[in-house]
Novice: 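Mind having a look at this structure? Questions to follow.
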Amino acid sequence: MAQRPDPQIALGEVIWERREELEMSQEEVALAADSSQGRISEIECGDNPSFGLSMRIARALGWSPVELVRRVEERERSKGSSVGSDS
């Protein structure tokens, strides 16, 4: 059976990509999300944010929380399909 990628890793990747797309620094995202640059860095590296912080980060990146989740799910599916399967 194919192993799904960790959603926390996918979340960090999606946040990093969107931040880069918008040409925002971690500090800018942190300020807009009422967090710290270090915390944004941890999340981009796969640490799990609280639900509230996830929502604030989504909004800081110009997305709704639903859009953030949709993109994370897309990332998981795309990576899951590239992982070898034994089915």
Novice: Once rounded to the nearest 0.5 Å, what's the spacing between atom OG of S50 and atom CE of M55?
Specialist: 10.5 Å

Novice: Only pairs at least two apart or in different chains count here, so list each salt bridge (charged side-chain N to carboxylate O under 4.0 Å, His left out) that has a residue in residues 48-62.
Specialist: none

Novice: Side chains of Q26 and Q37: do they bring a donor and an acceptor to under 3.5 Å?
Specialist: yes

Novice: Clusters formed by hydrophobic residues whose side-chain heavy atoms approach within less than 4.5 Å: which one holds I43, and what are its other members?
Specialist: L11, V14, I15, L22, M24, V29, I40, L53, I57, L61, W63, L68, V72

Novice: For E23 and E28, which heavy atoms make the closest approach, and how far apart are they?
Specialist: O-OE1, 3.9 Å

Novice: Can you list everything that forms a side chain to side chain donor-acceptor pair (under 3.5 Å) with E21? Sequence neighbours excluded, please.
Specialist: R18

Novice: Residues in side chain to side chain donor-acceptor pair (under 3.5 Å) with E67, at least two apart?
Specialist: R70, R71

Novice: Taking salt bridge (Lys or Arg N to Asp or Glu O under 4.0 Å) as the definition, give me every residue that meets it alongside E44, ordered by chain and number, with sequence neighbours left out.
Specialist: R19

Novice: Taking all heavy atoms of A32 and all of A60, pick out the closest pair and write down the distance.
Specialist: CB-CB, 3.5 Å

Novice: Looking at P49 and S54, what are the two nearest heavy atoms and their distance?
Specialist: CG-OG, 3.2 Å

Novice: Run the side chain to side chain donor-acceptor pair (under 3.5 Å) test against D47 and tell me which residues pass, sequence neighbours left out.
Specialist: R39

Novice: Nearest 0.5 Å, what's the CD-CD distance between E17 and E20?
Specialist: 9.5 Å

